[in-house]
Amino acid sequence: MPISAPATPAALVRAALLTRRRDLAAACALFTGHQLGESLVPVVVGAAVSAVAGGGGMRALTPWLVLLAADFALLSCSYRFGARAAQRAKQYAAHAVRIQVVERAVAPGGGLDQPPGALLTLAGSDANRVGAFAGMCASGLAAAIALAASAALLLGYSPLLGAVVLGCVTLLLIAVARISERLRGRYRDEQQGATDAAALAEDVVRGLRVLRGIGAEQAAVADYRRVSRAALVSARRAAAREATVEAFESLAGGCYLVAVAAVGGWLALDGRLSLGHLIAVLGLARFLTGPLQTLFALGPARTRALASAQRILDLIQTPAAVHVREDGIEVGERVGAITFRGAVGRSGRALGFTVGAGRMTGVALDDPAAAADVAQLLAREYDPVDGSVELDGSPLPAYRLGALREAVLVSFHDAALFPGTIAENVGADPAAVYAAAADQVVQSVPGGRQARVGEDARNLSGGQVQRLALARALAAHPPVLVLHEPTTAVDAATADAVAERLPELRKGLTTIVVTTSPALLSRCDQVVFLAAGTDAVEGSHADLIRRDDAYRNLVTR
Amino acid sequence: MNAPRLLPVAPSRDVLRWAVAQARRRPGLLAATLAAMGSAAAASLAAPLATGEIVQALAAHRGGSAVVWPAVRLGVAVVVGAGAVRAAGRLLARLVLPAVADLREQVLEAAVALPVDVVEAGGAGDLIARVCDDVEQLTDAAQNALGNFAQAALTIAAAFVGLAALDWRFLLAACLAVPVQLWTLRWYLRACRPVYAAGRTADGRRTAALLGVFAAMPTIRALRLESRRLEVAQEASLDAAGYEFQATRLATRFYGRLNAAEFLGLGAILATAAVLIADGQTSLGDATSAALFFVGLFDPINVALGVFDDLQQASAGLGRLLGVVISTAADSPSASPSASPSPPRRAHDADRSLRVEDVCFSYDPGTLPDAVVGVSLEVGPGRTVAVVGVSGSGKTTLAGIIAGFYRPSSGRVHAPAGRVALVAQQPHVFAGTLADNLRLAAPDASDEALRAALDRTGASAWVDALPQGSATPVGAGGHPLTVGQAQHLALTRVLLLDPAYLVLDEATAEGGSDAARVLDRAATTVTRGRAALVIAHRLSQAAEADHIHVMRAGQVVESGTHRELVAEDGEYARLWHVWNAFP
């Protein structure tokens, strides 16, 4: 299940950890069993050697060998299933975080303007870093348990020795946690470098045709090289700091061993510790460096995860471009009248016009940026900075967004197809396919409706993609359909066919065509012409051609 | 159409060769890294030695001072070891990180040189996954493998020497584990290779699914495809995780078998100790040391054998990276005549024509029919030739062949006077400033040169109106440009490039608006003085060309001047009639 919005990086990591708490708990229990098995090995060995010290030979050894075999069975099986559970905890935690990034990307409120490659790093590498920490947590917990158990055991052998071990371990863990905190900035830089490189690589691959067209591959590669080198510097800095932290861990672990060996040896010399116990103690102390290292490694891993979690959180918390109201009004029975009241979008132009319900209206603008505003404002990709856009008398933000988008469908001129078959993209609606003149596309590609559209649909021509995207929008039969330059990439004859077929399919429904194509405009019931600095002019296409010079100038070929 | 053809993957032979070459490139650094790792490993051996010594001293009832020296030696070793760990970490980063950065740069460099259809067939996702995910995974695996292996190998070697020094029969007993370990390793490497390879491919699919979301967010919102696209991304993500689970299942079985080998060796050593002690041939201390030596070997041996696992993972990623680099050598379009312009030569004008001779091309030979069938045409210097036709008739593919994006399956493109530039139909705007976008064509162009080019194409009018003029960030995350503006930018860029030949794939069929007329004028400015082939959607553009070819289903079906073709009453006449039907 997706996680509800966390407030801090730590909360995000915690929530990711707990996505599979059963696996985490199982892994922890099993790893503890594994640690127990491992820690018993030197104990059994010590006992076995002591048992044969009297010269009892194989007979004295056999029971201990049986015990050893049982111990190995325990440690091996518990590791096997523990590791599998830990891997599940790791992968599902990464998956949960990845899906949070995707959920934010598809959130109805929009507002993300990161390049796709940058989002990819967040959903890939950063999510994996959070997952990796989750995977390590089980072994970390098990290590802590082993440490506690061993300390108890040591306390039993010798209170002094137990106290030394416990004291050392506590001090060390605090110190390592402190020092690895200093890695966080380095890890963030490292991930930022990787993000920049990924974003650029994605940009280059996407713009490959442009680069090849002007022979600028080398310039782009040089650019990538520069960013890649910068990422390398960050990565090396993080690695260098990491090496220092590791060295500190190694030093700390060593000091602990020295302390245990010295105190243990001294106690044995004093005769306060038997030889068998000393062997066991030293073996245990050495064994404990394993769990200790595991706990040490948890520090940097946590820091990595927190640095990545911070980056993901920044994304998730990016404010939406439009305010999304859960309690917005529903769209009424009769929908279709659209009014722009001095609405100012990103082009800076105030737009004012009215579109009647149930008709096909052409909207012609002399500024492509303002034309884009009309489509984007109706799609609520962003809201007007001034003025308002209304549907049936209520401003768009008053509606529940889902209901609004269901009622008002905007088809952008550069709408993307998704990887899959044509049928999966467009659906099965022969009337819509015909109206978009996409029937020719289906006929001309091998495989027809089952033909696969690749990523970016590069195996189709621009005109073919545009027609399929149009068919997809038409197939939804929304009460209000907004088409933004739907035939820019198709030839004149095909565009004419589309223009001729559209009114028939959309009869009785509201259709807004934002275009300067005379073929489309001439088929509209009404045309709204918006020129800079003047009020909207309305009329039929033929009418406007006759009486408005600016309009004639705009749409005449 | 069949499933996407992914980019090639290099065979393990090439992967090995690359790794060896990398090792040889920086012998000093490699030696220093190994030395540091060796020191760290040697220092870590001090612990069991000191333990043995302490036990020995106690068993021999020597005084308390006998414990001091082993403890001091252990302390020194700890300090030296920590220093060595730090040096090893830093040196390892210097060894691995630059090599991997080099590789990712090479991959991108190779990718942009591949035929466009090869890159696009696999989808951008496959390539991006390689440059990002595979690189990261390779870095981790390489650092792990190198770091662990040297240390583990040294620990193992030292422990074996130690065992032999105690009694050669202990060593012999320990060696009982070796055949089991080798057999396990062999089994494992064979079993996990396909799983890792499939896992990397699944990662590529996941990347493609994620990009499908991240690159189309407005479309997803408008069509309310949120839950469907989320579902697709979820499926791809879980599918990739599935391969990780498979790999873990294999790895845990691998370690289970290694545990069995450990038990075998340890049991043998204990039995040996029992026999030798009974015979009075070894001391209790020696027996303890031998057994503890071997127990101490469990981890290093598992680590050393686990390194093969890392290597296997690394080589799966590395194979995918090198696959791109190596395939370029074989598949480079430089083999095609158009992409390697012969040096300009002084020749008669007729020899400087762009000539397309009987060119055929299919996106997937054997599966797909030819998208371009036997097209021949010629564009003389200073002339403009238009290609028209309904959408999907092969015009853009033809443009791609002439510009060297695709290698024709037969026929050739002859461009004797220099570079063929192409202005693509879908003008991509790169993230960066507007000036950065222009300088792609002329990296050394001065601000004045940029300004002059913008003035000549008439783009300065709107560029100056941008928030920061030509320094305005555009592209992903920047100021949005309209398709017309992007096309205008592309035309200005070509002006800066100043190519001998120009293929212009028009971005829009819409004509008439002021913006479109400005674009028309810019196109005229840019084509002037060059041999230009214009893929015309606006027939008003075609009408002004010196010559027109009409394409249908990949073939040229009509050729002639505007006047001739209109008179001919064929396809062109029909298109012209529709075009002029409005208003």
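Proteins get letters first, then strands, A, B, ... in listed order; numbering begins at 1 in each. FYI, side chains are in, hydrogens and waters are out, and symmetry mates aren't considered; it's all heavy atoms of this structure.
- Ranking A/A369, A/A69, A/P42 against chain B, the residue ahead of the rest is A/A69, based on heavy-atom pairs under 4.5 Å.
- With a 4.5 angstrom heavy-atom cutoff, A/A198 touches chain B via backbone and side-chain atoms both.
- A side-chain donor-acceptor contact under 3.5 Å links A/D203 to the backbone of B/A431.
- Side-chain atoms of A/R84 and B/T248 form no donor-acceptor pair, as typed in the model, at a separation below 3.5 Å.
- Both the backbone and the side chain of B/R249 come within contact range of chain A, judged by heavy atoms closer than 4.5 Å.
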Should B/L270 and A/W64 be marked as a side-chain contact (heavy atoms from CB on, under 4.5 Å) after you check the CA-CA gap, both sets of side-chain angles, and the distance that decides it? CA-CA 10 Å; B/L270 287 176; A/W64 294 106; over 6 Å; no

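- The part of B/T482 that comes within reach of chain A is its side chain, from C-beta onward, which places non-hydrogen atoms under 4.5 angstrom from that chain.
- Side-chain contact between B/T252 and A/F81 is absent, with no heavy-atom pair separated by less than 4.5 Å.
- Only the side chain of A/N128 has a heavy atom closer than 4.5 Å to any heavy atom of chain B.
- For a residue to count as touching a neighbouring chain, one of its non-hydrogen atoms must lie under 4.5 Å from one of that chain's; by this rule A/S125 touches chain B with backbone and side chain alike.
- Of the listed residues (A/L251, A/L409, A/V41), the greatest number of heavy-atom pairs within a distance under 4.5 Å of chain B belongs to A/L251.
- Across B/R206, B/R439, B/Q143, the residue that shares the most heavy-atom pairs under 4.5 angstrom with chain A is B/R206.
- Only the side chain of B/L497 comes within contact range of chain A, judged by heavy atoms closer than 4.5 Å.
- Across B/A476, B/A274, B/A40, the residue that shares the most heavy-atom pairs under 4.5 angstrom with chain A is B/A274.
- Your options are A/A231, A/A239, A/A201, A/G46, and the one with the most heavy-atom pairs under 4.5 Å with chain B is A/A201.
- Ring geometry for B/Y255 versus A/Y79: interplanar angle over 60°, hence perpendicular rather than tilted (30 to 60°).
- With a 4.5 Å cut-off on non-hydrogen atoms, B/E136 touches chain A through its side chain but not through its backbone.
- We find the OG-CG distance between A/S411 and B/L223 to be 7.0 Å, quoted to the nearest 0.5 Å.
- Looking at B/M217 and A/V106, their side chains never come closer than 4.5 Å, going by heavy atoms from C-beta outward.
- Residue A/S250 comes nearest to B/G81 through the heavy atom pair OG-C, 4.2 Å, listed as atom of the first residue, atom of the second, then distance.
- For B/R253, the parts lying near chain A are the backbone and the side chain together; criterion is any non-hydrogen pair under 4.5 Å.
- For A/R80, the parts lying under 4.5 angstrom from a heavy atom of chain B are both the backbone and the side chain.
- Counting only heavy atoms from C-beta outward, the side chains of A/E217 and B/E109 never approach each other to under 4.5 Å.
- Residue contact with chain A, scored on non-hydrogen atoms closer than 4.5 Å, is absent for B/V388.
- With contacts defined as side-chain heavy-atom distances shorter than 4.5 Å, the pair A/F418/B/V232 does not qualify.
- With a threshold of 4.5 angstrom between heavy atoms, B/E262 approaches chain A through its backbone and through its side chain.
- Heavy-atom distances place no part of A/A94 under 4.5 Å from chain B, backbone and side chain included.
- Chosen from A/G110, A/A372, A/C77, A/A60, the residue pairing most often with chain B at heavy-atom distances under 4.5 Å is A/G110.
- Looking only at side-chain heavy atoms (C-beta outward), B/P443 and A/Q218 stay at 4.5 Å or farther from each other.
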Show the numbers, then the answer: is there a salt bridge (Lys or Arg N to Asp or Glu O under 4.0 Å) between A/E381 and B/R221? CA-CA 9 Å; A/E381 275 295 305; B/R221 281 193 284 271; 2.8 Å; yes

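- Among B/L97, B/V112, B/V503, the residue with the largest count of heavy-atom pairs under 4.5 Å with chain A is B/V112.
- Contacts between A/A476 and chain B at a heavy-atom distance below 4.5 Å are absent for every atom of the residue.
- Residue A/A194 does not touch chain B at all, counting heavy-atom pairs closer than 4.5 Å.
- Contact tally against chain A (heavy-atom pairs below 4.5 Å) for B/A209, B/G89, B/C132, B/P218: the top residue is B/P218.
- Separating the CZ atom in B/R90 from the CZ atom in A/R236 is a distance of 9.5 Å, to the nearest 0.5 Å.
- Put simply, CZ on A/R209 and OG1 on B/T396 are 8.0 Å apart, with the number rounded to the nearest 0.5 Å.
- In plain terms, the two heavy atoms of A/L211 and B/F430 that are nearest each other are CG-CZ, 3.4 Å.
- Between A/P116 and B/L211, the closest heavy-atom pair is CB-CD2, 3.8 Å.
- Nearest heavy-atom pair, A/R212 versus B/F405, reported as atom, atom and distance to 0.1 Å: CB-CE1, 3.2 Å.
- Looking only at side-chain heavy atoms (C-beta outward), A/I214 and B/L422 stay at 4.5 Å or farther from each other.
- Atom CD in A/E103 sits 11.0 Å away from atom CD in B/E226 (nearest 0.5 Å).
- Scored by the side-chain hydrogen bond (donor to acceptor under 3.5 Å, both in side chains) test, A/T494 finds A/D491 as partners (sequence neighbours excluded).
- Distance check, rounded to the nearest 0.5 Å: CD1 of A/I99 to CG of B/L238 gives 7.0 Å.
- Residues B/V213 and A/A105 approach most closely at CG1-CB, 4.1 Å, considering heavy atoms.
- With a 4.5 Å cut-off on non-hydrogen atoms, B/L92 does not touch chain A at all.
- When all heavy atoms of B/A291 and A/V45 are compared, the closest pair comes out as CB-CG1, 3.4 Å.
- In this structure, the portions of B/V390 lying under 4.5 Å from any heavy atom of chain A include both its backbone and its side chain.
- The contact between A/R229 and chain B is made by backbone and side chain atoms together, counting heavy-atom distances below 4.5 Å.
- Per-residue counts of heavy-atom pairs under 4.5 Å with chain B were compared for A/A220, A/S444, A/C255, A/G215; the largest is that of A/G215.
- Of the atoms belonging to A/A379, not a single heavy atom falls under 4.5 Å from chain B.
- Within the 4.5 angstrom heavy-atom criterion, atoms from both the backbone and the side chain of A/A415 approach chain B.
- Heavy-atom distances place both the backbone and the side chain of B/P98 under 4.5 Å from chain A.
- The residue among A/Q87, A/Q114, A/R472, A/E202 with the most heavy atom pairs within less than 4.5 Å of chain B is A/Q87.
- Between the B/R224 side chain and the A/R405 main chain, a donor and an acceptor come within less than 3.5 Å of each other.
- Looking at B/V79, the atoms closer than 4.5 Å to chain A (heavy atoms on both sides) sit in the backbone and in the side chain alike.
- The shortest side-chain heavy-atom distance between A/L119 and B/L210 does not fall under the 4.5 Å cut-off.
- Of the two parts of B/R493, only the side chain, counted from C-beta on, holds a non-hydrogen atom closer than 4.5 Å to a non-hydrogen atom of chain A.
- Residues B/R104 and A/Y224 are in side-chain contact: their nearest non-hydrogen atoms beyond the backbone lie under 4.5 Å apart.
- Both the backbone and the side chain of A/L112 come within less than 4.5 Å of a heavy atom in chain B.
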